[in-house]
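Each remark here refers to the structure printed beneath this line.
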Amino acid sequence: MLKLNYKIIFHFLGLLLLFNGGFMLLSSLVSYFYSDGVTLQIFFAGLFTIIVGIVTMLITAKHRKEMNKREGYIVVAFGWIIMSLSGTLPYVLTGSISNFTNAFFETMSGYTTTGASILNDIEIIPKGILFWRSTTHWIGGMGIIVLAVAILPLLGIGGMQLFAAEAPGPSGDKLHPRITDTAKRLWLIYFGYTAAETLLLKLAGMSFFDAINHSMATLSTGGFSTKNASVAYWNHQPVIQYIIILFMFLAGSNFVLSYFAFKGKVQKIIHDEEFKLYFKFIAVFTIIAAFVIYFQADVSKSSINHPMVWGKGESVFRHALFQVLTVITTTGFISADYTLWTPFLLVFFFGLMFLGGSAGSTAGGVKVVRHLILIKNGFLEFKRTLHPSAIVPVRYNNKAINRFIVFNVLAFFILYMLSFIIGALVFSMFNIDFISAIGLSASSLGNIGPALGDFGPVNNYSALPALAKWWSSFLMLIGRLELFTVLILFTPFFWRNR
């Protein structure tokens with residue numbers, strides 16, 4: 001094993017700081033436009049971050065332009081941490097979140113697209129800070145690493161190692177042979193969807209500021225809102241919620257399929273097994289939720305701001321579809337407090353926290369394709385039991401899957417469930433009750449946002465003890481980076497030079 005190329009690692013981290021500082025400067029312009037009184041603080045936060053980035057890049061300018069898998073994993077994991085640490089500066093310097101632990105939690109929640117917040121009154125926060133808050137999970141949504149990969153040729157570095165470590169899900173689909181062009185196309189689709197949703201939300205009645213913030217939150221499946229009541233603030237405007245529903249669905253589907261759709265290759269979408277299962281999951285779970293809500297729950301007691309505009313049937317369907325989508329895609333918006341509906345639906349939505357969106361989407365969680373492979377492999381075990389000598393491979397999209405991929409999926413699922421159990425156990429050590437502890441663990445690991453119990457949809461994470469916030473931040477990080485990318489750094493053999 002080659003010796004670690006530390007200079008290329010720090011050079012790339014410096015590049016990430018440049019990106020982060022640039023987005024802070026953009027947020028300072030928003031602050032200046034709205035005259036919210038914190039323009040200079042955000043500007044200096046951005047300037048300081050850029051200077052540190054430039055200095056780091058200059059010091060490591062003479063580096064070996066090779067990056068293997070080990071360096072790729074280090075850059076991805078530490079890149080997320082460095083981005084989150086520097087991302088606290090606008091909060092701390094403006095006094096919006098003066099406590100460093102809270103500021104780091106909010107920032108990590110943004111970059112990992114979790115959407116969990118410690119802010120008790122979002123609507124009094126300066127607009128420049130709210131924009132920065134939304135920007136953090138818009139950056140994290142597709143992955144700041146993938147964004148940076150698009151410009152790696154300028155440094156003379158190939159980015160395949162980074163994309164392999166960062167690209168969500170086990171899917172290896174590429175849009176173009178060159179990984180940099182793949183990253184550019186993914187970001188173009190991502191940006192286009194964000195612009196389209198912003199326009200539609202503005203036309204539907206949102207202010208431009210609310211529209212762009214909620215668009216960034218939707219496409220990143222992040223869930224940060226500019227309102228204390230989240231999307232429930234617009235319960236009296238169903239059109240707004242249906243627009244968000246549409247883009248949550250798109251954000252939770254594979255972005256590669258969106259590219260195929262724009263190229264007119266609709267057959268690739270129709271025949272994609274993961275997309276079909278993703279659609280069926282949403283349809284079936286929405287019907288179940290709507291049926292239970294209609295006959296057993298009182299939507300008006302769990303909703304905010306005039307829930308029934310077009311009649312009970314429409315309201316029930318909208319809330320069911322919205323909440324199913326927001327949990328499956330791990331967006332974390334709320335239109336109602338689903339924990340007040342029925343005990344069945346409480347357990348139902350808790351179960352959905354382990355589903356996740358599609359591979360190649362901005363959603364967190366286990367991912368639909370992994371569930372599909374697990375289900376198929378489970379059924380094939382019956383055949384293998386009856387015919388032990390037969391070679392029966394798992395097939396996906398009519399192609400036999402390499403057994404090592406199946407092993408990887410099985411290992412991921414076991415590791416995910418172990419992480420969930422350990423996560424809940426650690427939360428319980430802080431005297432957090434059982435329901436709240438398992439909800440916090442599932443929500444943090446799956447990057448969902450709203451949890452259960454004391455940290456449900458209408459509450460936030462401000463009451464968490466300081467150490468519990470750091471633990472939650474760690475779960476967010478390993479969940480967002482698909483477990484292996486971070487946890488492999490804790491293995492002794494990873495750091496051995498041979």
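Note that the numbering runs from 1 along the sequence shown for the chain.
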Heavy-atom side-chain proximity of His214 to Phe333 below 4.5 angstrom: yes
Could you tell me which non-hydrogen atom of Ser225 sits nearest to which non-hydrogen atom of Arg133, and how far apart they are? O-NH1, 3.1 Å
Would you tell me whether Thr226 and Asn213 have side-chain atoms, one donor and one acceptor, within less than 3.5 Å of each other? no
Applying side-chain contact (heavy atoms from CB on, under 4.5 Å) between Ile245 and each of Phe249, Phe247, Tyr242, report the one that passes. Tyr242
Looking at every non-hydrogen atom in both residues, tell me the closest pair between Gly252 and Ala363 and how far apart they are. CA-CB, 4.4 Å
How long is the span from the CG atom in Leu477 to the OG atom in Ser444, to the nearest 0.5 Å? 12.0 Å
I'd like to know if the side chain of Ser441 reaches the main chain of Ile438, judged simply by a donor and an acceptor atom lying under 3.5 Å from each other, with no hydrogens or angles considered. no
Hey, is CZ on Phe434 packed in by over 12 heavy atoms from elsewhere, all under 6.0 Å? no
For the residue pair Tyr190 and Trp187, categorise the inter-ring angle as parallel (less than 30°), tilted (30 to 60°) or perpendicular (more than 60°). perpendicular
Is the closest side-chain heavy-atom distance between Arg185 and Phe255 below 4.5 Å? no
More than 12 heavy atoms from other groups under 6.0 Å of CE on Met429: no
Using the ring-ring contact (aromatic ring centres under 6.0 Å, His included) rule, take Phe19 and Phe23 through it: C-alpha gap first, then chi angles, then the decisive distance, then the call. CA-CA 6 Å; Phe19 275 118; Phe23 279 109; 7.2 Å; no
List the steps, then state whether ring-ring contact (aromatic ring centres under 6.0 Å, His included) holds for His371 with Phe354. CA-CA 10 Å; His371 287 286; Phe354 294 90; 8.9 Å; no
Candidate pair Trp132 and Ser96, rule side-chain contact (heavy atoms from CB on, under 4.5 Å), full reasoning: CA-CA 12 Å; Trp132 169 244; Ser96 300; over 6 Å; no
Find out whether Leu250 and Glu197 are in side-chain contact, i.e. whether some heavy atom of one side chain is under 4.5 Å from a heavy atom of the other. no
Interatomic spacing from OG1 in Thr112 to CG in Leu475 - rounded to 0.5 Å: 10.5 Å
Compute the ring centroids of Phe420 and Tyr416, then answer whether they are less than 6.0 Å apart. no
Separation of Asn120 CG from Asn460 CG (nearest 0.5 Å): 5.0 Å
Interatomic distance, Ser358 atom OG to Leu257 atom CG [nearest 0.5 angstrom]: 7.5 Å
Flag side-chain contact, heavy atom, 4.5 Å: Trp495 against Ile74: yes
Donor-acceptor pair between Arg384 and Asn377 side chains, under 3.5 angstrom: yes
I need the minimum non-hydrogen distance between Phe131 and Ser27, along with the two atoms involved. CD2-OG, 3.5 Å
Under a 4.0 Å N-O cut-off, is there an ion pair linking Glu482 with Lys367? yes
Exam field: side chain Ser473 to backbone Lys469, donor-acceptor pair closer than 3.5 Å: yes
Heavy atoms of other groups near Asn398 CG, more than 12 under 6.0 Å: no
Is any side-chain heavy atom of Trp80 less than 4.5 Å from a side-chain heavy atom of Val486? no
Are side-chain heavy atoms of Leu13 and Leu16 found at a separation under 4.5 Å? yes
Hey, do the aromatic rings of Phe484 and Tyr73 have their centres closer than 6.0 Å? no
Polar contact flag, side-chain donor to acceptor under 3.5 angstrom, Ser361-Tyr278: no
Taking it one step at a time, do Thr136 and Glu106 satisfy side-chain contact (heavy atoms from CB on, under 4.5 Å)? CA-CA 10 Å; Thr136 57; Glu106 196 80 12; over 6 Å; no
Can any side-chain N or O of Glu274 pair as donor or acceptor with the backbone N or O of Leu372 at less than 3.5 Å? no
Name the one of Lys399, Lys376, Lys268 that satisfies salt bridge (Lys or Arg N to Asp or Glu O under 4.0 Å) with Glu273? Lys376
Got more than 12 heavy atoms from elsewhere within 6.0 Å of NZ, Lys383? no
Counting N and O atoms only, with roles assigned by atom type, does the side chain of Thr114 sit under 3.5 Å from a partner on the main chain of Ile448, one being a donor and the other an acceptor? no
Which heavy atom in Thr331 sits nearest to a heavy atom in Ala217, and how many Å separate them? CG2-O, 4.1 Å
Under 3.5 Å, is there a donor-acceptor pair between the side chain of Ser134 and the main chain of Leu130? yes
Minimum heavy-atom separation for Thr330 to Gly356, with atom names? CG2-CA, 4.5 Å
So, does Thr88 use its side chain to make a donor-acceptor pair with the main chain of Ala103 at under 3.5 Å? no
For the pair Phe490 and Phe474, name the ring-plane relationship: parallel under 30°, tilted 30 to 60°, perpendicular over 60°. perpendicular
Short question: side chain of Arg480, backbone of Thr113 - any donor-acceptor pair under 3.5 Å? no
Distance col, row Leu219:CG vs Ile244:CD1, nearest 0.5 angstrom, shows 11.0 Å
Rounded to the nearest 0.5 Å, what separation is found between the CZ atom of Phe104 and the CG atom of Asn99? 12.5 Å
Once you measure the plane-to-plane angle for Trp138 and Phe191, does it fall in the parallel (<30°), tilted (30-60°) or perpendicular (>60°) bin? perpendicular
Does CZ belonging to Phe78 count more than 12 external heavy atoms closer than 6.0 Å? no
Between Thr326 (side chain) and Gln323 (backbone), is there a donor-acceptor pair under 3.5 Å? no
Check the pair Val394, Arg403 against side-chain contact (heavy atoms from CB on, under 4.5 Å), reporting the backbone distance first and the verdict last. CA-CA 8 Å; Val394 177; Arg403 62 193 178 96; over 6 Å; no
Counting distance only, does the side-chain N/O of Asn102 pair as donor-acceptor with the main-chain N or O of Ser462 below 3.5 Å? no
Chi angles and distances behind the side-chain contact (heavy atoms from CB on, under 4.5 Å) call for Thr107, Tyr111: CA-CA 6 Å; Thr107 313; Tyr111 282 117; 3.5 Å; yes
Closest heavy-atom pair, Ile122 versus Leu119, reported as atoms and distance to 0.1 Å, is CG1-CB, 4.1 Å
Above 12 or not: heavy atoms from other molecules or residues under 6.0 Å from CZ of Phe275? yes
When the ring centroid of Phe348 is compared with that of Tyr338, is the distance short of 6.0 Å? no
Kindly indicate whether the side chain of Phe427, heavy atoms from C-beta on, has any atom under 4.5 Å from the side chain of Ser436. no
Under a 3.5 Å cutoff, is there a donor and acceptor pairing between the side chains of Thr342 and Gln296? no
Taking the side chain as everything from C-beta on, heavy atoms only, tell me whether His319 gets closer than 4.5 Å to Trp341. yes
Using atom types as modelled and distance alone, determine if a side-chain donor or acceptor of Thr221 lies under 3.5 Å from a backbone N or O of Thr362. yes
Please verify the inter-ring angle class for Phe281 with Phe285; under 30° counts as parallel, over 60° as perpendicular, anything in between as tilted. parallel
